[in-house]
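A quick note: this is a predicted structure, and the numbers were derived from the prediction, not measured.
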Amino acid sequence: MWLIPHVVIVLSTPVSGTSCSHHSLPEPYRLWLAEMVDIRSFIVFLSTAVLMASTNLPRYRTLHSKAGKRDTLTGSEAVNAVLTTDTAALCSLILFVDGKTSSRAVFKMFGNLKTSEDIVVFEVAGTGQDFNVTRVKLCEVVDQARWLRQMSWCMKILVVSDDIDFLSAFAECSLEGRLLVWSNRLLAVTRLSLQQLQQLHEIFSQTNSILLLVNDIAGYLQCNMYIHLPYTPRDTKALQIAYWTPKRGLVLTTHLPLFPDKFFKFLQKTSLVVAAEQYEPHVNLLGHETLQGTEVTFSGPLINLLEIFSHSINFSYKIMRPPDGGWGAKMQDGTWNGMVGMVARKEVDFGLGPFGVTAVRYEVVDYTRPVVIDYGRIMARRGRSEVDPWGFVLPLAPLVWAATLTALLLLLSILFLLSKCCSYLHIRQDNKTYGVLDYLRVLLQQDILVEKGSWWQRMLLITWMMVTLVLTRCYSGNLMSLLSVRYSLQPYQSLQDAVNDPSVALIWETNTAYVQALKSATSGIYKAVADLDKKGRNVYMKYSLIPESIDTLVRRGDHVLIMEELTEEVLIAQDFSNTGRCDFYLSKERDFPLMFALVGLKNSPLVLVLSNRMKSVTESGLYDHWMKTTVPNSTSCAHTSSKTTVNTSLSLTNLWGMFVVLVGGYGLALLVFILEAINERIKMTRR
């Protein structure tokens, strides 16, 4: 019996089965795996059974597998050396073995392991048959292992097999099941040669893994350890970082430690493909005419950031533009277009963007830390600065006009009631009661003949004269201000304003996070905007066509543009540089708040490395400085007022509304005069 300082859980899949699930395990294990809260309590529960089982294991002087060959874990001491030398020695350990690895070798290795880590063993029996069967079994086991990983703050994975199909299936299932994330270290132990393992080059190069090859030819045991460098061709030879022999122990062959962070800075300069598209102020596309045609170059803050990445991580890059010119949206068949689709299909190594952070995109790509936070705003044509010909009505609000007429009617009603009361009480009146026209003459500042009357008549008239005096003074002062101040019409201050105006169309950049949000909305203003598709009021276009549409459609006044605030400020600044005028404005309401970041392959360690480099650039304010200095006149139209004070003579075009009222009044008076004359003639004829 060996003294084992760890607790080992052995889970074996059925030989004839095609899958391994929780129900295929014995009842106690299935219940614990489904309901266990503390993994250590589960481990302690099985410790006694495991130790008792270990006493019945056969004892051999040399270790042999079931096939009669020497066991792969002959180099268990080398495995122990790697696991104990690793700086993450206290992490939990998950062991994957096939049915060809002897139980005695496993227990001997763990018996000599001098760590306090928890150990879980998964044995997948019945391998070496069909690759698909092996893959199904391993994927089920990997799902259980991932559940255990979520219960542990740190995890190391050990895979022992001489079956290439077993290793391939494990690698595929681990990547799909997110078991092989960069924080988890993988040690693969096998007797296969590097040439036989060449098909796994991509998987080993993108993970934090070491390949331990056991070689005991002619009784001489040596274990060589290799790592695959990232973003290298498939036929690139693996880099040996250490070896182990019984006499010398573990010997490092390079300056690198075990499990080096090979993504922090590439040991060999490699070439990466980056997806990018014109997106000011972040990325600017420039075209230069050459003998071979138009040569496209990129500039801007994100290109500066890309240069920092290139020098600090040690890679060269090639920029690839998306064929559809879009950022990326999920289509009805589940595929992705734009730059997000290029990253998801591994056509590029990462996307520059920047991309709006959304949950649906996170299904296929990983985001770096945010580079900027931006909002969507409406960009529309600013109305012309001119005097309203009907501006003489504007000094008083509609409510003031209504209150004035109501006060006049109330005053006349009081006058009528007091007159009736005096008549009923036989109170003598010195003269007639003032009529409606008399009080209207006071309101219009016309002359009125005041005769001697009752005291209450004089009080009503004085009160009305004071009210009209204040009202007319306010009116004249406001009218003078309106005639000297001109207003620029800015009708679209929110999405609701644009939706309510049937004469305006909305321009959107195609395949963006905004468009994705509209199409997935089920209620609210976003749903109302999405419904405009049925009326043909939503227009989608690539970014390269938007500057031209601003100069034509938006300037015409029947279209508005909805984009990121930073980009619209750049477009307005460019128009100001060309025309010298601020012809456009941005709405007061901000919609679609989004964080914008770069995107990389799912589970790619490069995303974390890029985020660490970005941190110093963004937090120091360097990226904001780049954006401000990239575009000239970026603040020229930022705070343009909608009011303009002028000192000029008034023309007929400014005051024709007043003349319309004057002529209309004269015309109405003439009509009344004619009707009175006709009525008088009829009376005379009857007499």
Side-chain angles (χ1 to χ4, degrees), residues 181-183 206 208 230-231 260-267 269-285 298-322 327-328 338-340 342-344 346 348-359 361-362 364-375 512-513 564-567 569-570 592-631:
V181 295
W182 182 255
S183 58
Q206 297 295 322
N208 192 7
Y231 301 107
D261 190 354
K262 52 190 178 183
F263 281 87
F264 181 79
K265 186 172 184 179
F266 298 150
L267 298 178
K269 188 168 186 178
T270 184
S271 179
L272 302 183
V273 182
V274 182
E277 182 55 273
Q278 184 176 10
Y279 183 26
E280 298 176 298
H282 308 284
V283 178
N284 186 26
L285 188 147
F298 290 85
S299 62
L302 271 185
I303 302 300
N304 298 340
L305 188 61
L306 182 60
E307 287 290 334
I308 293 178
F309 294 157
S310 175
H311 288 87
S312 61
I313 305 178
N314 190 28
F315 68 86
S316 59
Y317 61 88
K318 175 185 177 183
I319 296 179
M320 181 181 296
R321 301 176 63 187
W327 263 242
M339 289 185 284
V340 174
M342 297 172 66
V343 176
K346 299 183 179 181
V348 296
D349 297 299
F350 65 93
L352 206 56
F355 301 84
V357 178
T358 61
R361 285 178 174 174
Y362 187 69
V364 294
V365 296
D366 279 347
Y367 288 98
T368 64
R369 62 180 291 117
V371 65
V372 71
I373 298 177
D374 208 349
Y375 303 85
T512 60
E564 294 78 14
E565 179 180 358
L566 292 173
T567 304
E569 290 177 352
V570 172
F592 305 104
L594 283 177
M595 296 183 294
F596 288 82
L598 282 64
V599 298
L601 303 179
K602 202 66 178 175
N603 305 323
S604 174
L606 184 61
V607 175
L608 181 60
V609 176
L610 297 179
S611 297
N612 293 334
R613 298 296 199 282
M614 290 171 55
K615 182 178 180 180
S616 58
V617 176
T618 55
E619 292 186 353
S620 65
L622 182 58
Y623 192 84
D624 293 336
H625 173 72
W626 287 340
M627 287 196 298
K628 292 179 181 179
T629 58
T630 298
V631 181

Smallest separation among heavy atoms of A276 and I319, with atom names: CB-CG2, 3.7 Å
Does some side-chain heavy atom of V274 sit less than 4.5 Å from a side-chain heavy atom of F350? yes
Main-chain N/O of V340 paired to R361 side chain as donor or acceptor, under 3.5 Å: no
Would you name the heavy atoms of M627 and V372 that are closest together and state the gap between them? CE-CG2, 4.3 Å
Supply the atom-to-atom distance L272 CG to I313 CD1, rounded to the nearest 0.5 angstrom. 8.5 Å
For P322 and G338 the tightest heavy-atom approach is CB-C, 4.2 Å
State the CE-CD distance between M320 and E277, to the nearest 0.5 angstrom. 13.0 Å
Q278 vs V283 side-chain heavy atoms within contact, under 4.5 Å: no
Working to the nearest 0.5 angstrom, can you tell me the gap between L598 CG and Y367 OH? 11.0 Å
Any side-chain to backbone donor/acceptor pair from S271 onto Y317? Under 3.5 Å, distance only. no
Under the 3.5 angstrom rule, does the side chain of T368 hit a backbone N or O of A597 as a donor-acceptor pair? no
Would you say the side chain of F298 lies within less than 4.5 Å of the side chain of L285, judging by non-hydrogen atoms? yes
Taking the six-membered ring for Trp, are W626 and Y623 parallel (under 30°), tilted (30 to 60°) or perpendicular (over 60°)? perpendicular
Using the ring of each side chain (for Trp, its six-membered ring), is Y231 parallel, tilted or perpendicular to F263, with breaks at 30° and 60°? perpendicular
Side-chain (T270) to main-chain (F315) donor-acceptor, under 3.5 angstrom: no
Within the side chain of S611, is there an N or O that forms a donor-acceptor pair under 3.5 Å with the backbone of V607? yes
N208 and P605, any side-chain heavy atoms less than 4.5 Å apart: no
Decide side-chain contact (heavy atoms from CB on, under 4.5 Å) for L622 and N304; before the verdict, give the C-alpha distance in whole Å, the side-chain angles of both, and the deciding distance to 0.1 Å. CA-CA 10 Å; L622 182 58; N304 298 340; over 6 Å; no
Which atoms form the tightest heavy-atom contact between V343 and G351, and what is the distance? CG2-N, 3.8 Å
Closest approach of V364 and A344, non-hydrogen atoms and distance? CB-CB, 4.0 Å
Gap between atom CG of L352 and atom NE2 of H282 - 0.5 Å precision: 10.5 Å
Okay, side chain of N314, backbone of F266: is any donor-acceptor separation there less than 3.5 Å? yes
E619 and R369: CA distance, side-chain angles, deciding distance, side-chain contact (heavy atoms from CB on, under 4.5 Å) verdict: CA-CA 11 Å; E619 292 186 353; R369 62 180 291 117; 3.5 Å; yes
Is there a side-chain contact (heavy atoms from CB on, under 4.5 Å) between E564 and F592? Walk through the geometry before answering. CA-CA 9 Å; E564 294 78 14; F592 305 104; over 6 Å; no
Kindly determine whether F309 and L606 satisfy side-chain contact (heavy atoms from CB on, under 4.5 Å), including the steps that lead there. CA-CA 11 Å; F309 294 157; L606 184 61; over 6 Å; no
Give the minimum heavy-atom separation between P281 and V570, together with the two atoms involved. CB-CG2, 3.6 Å
From NZ (K262) to CD (Q206), nearest 0.5 Å: 8.0 Å
Could you tell me the separation between the CZ atom of R613 and the CG atom of L608, rounded to the nearest 0.5 Å? 10.0 Å
Any idea how Y279 and W327 line up, ring-wise: parallel (<30°), tilted (30 to 60°), or perpendicular (>60°)? perpendicular
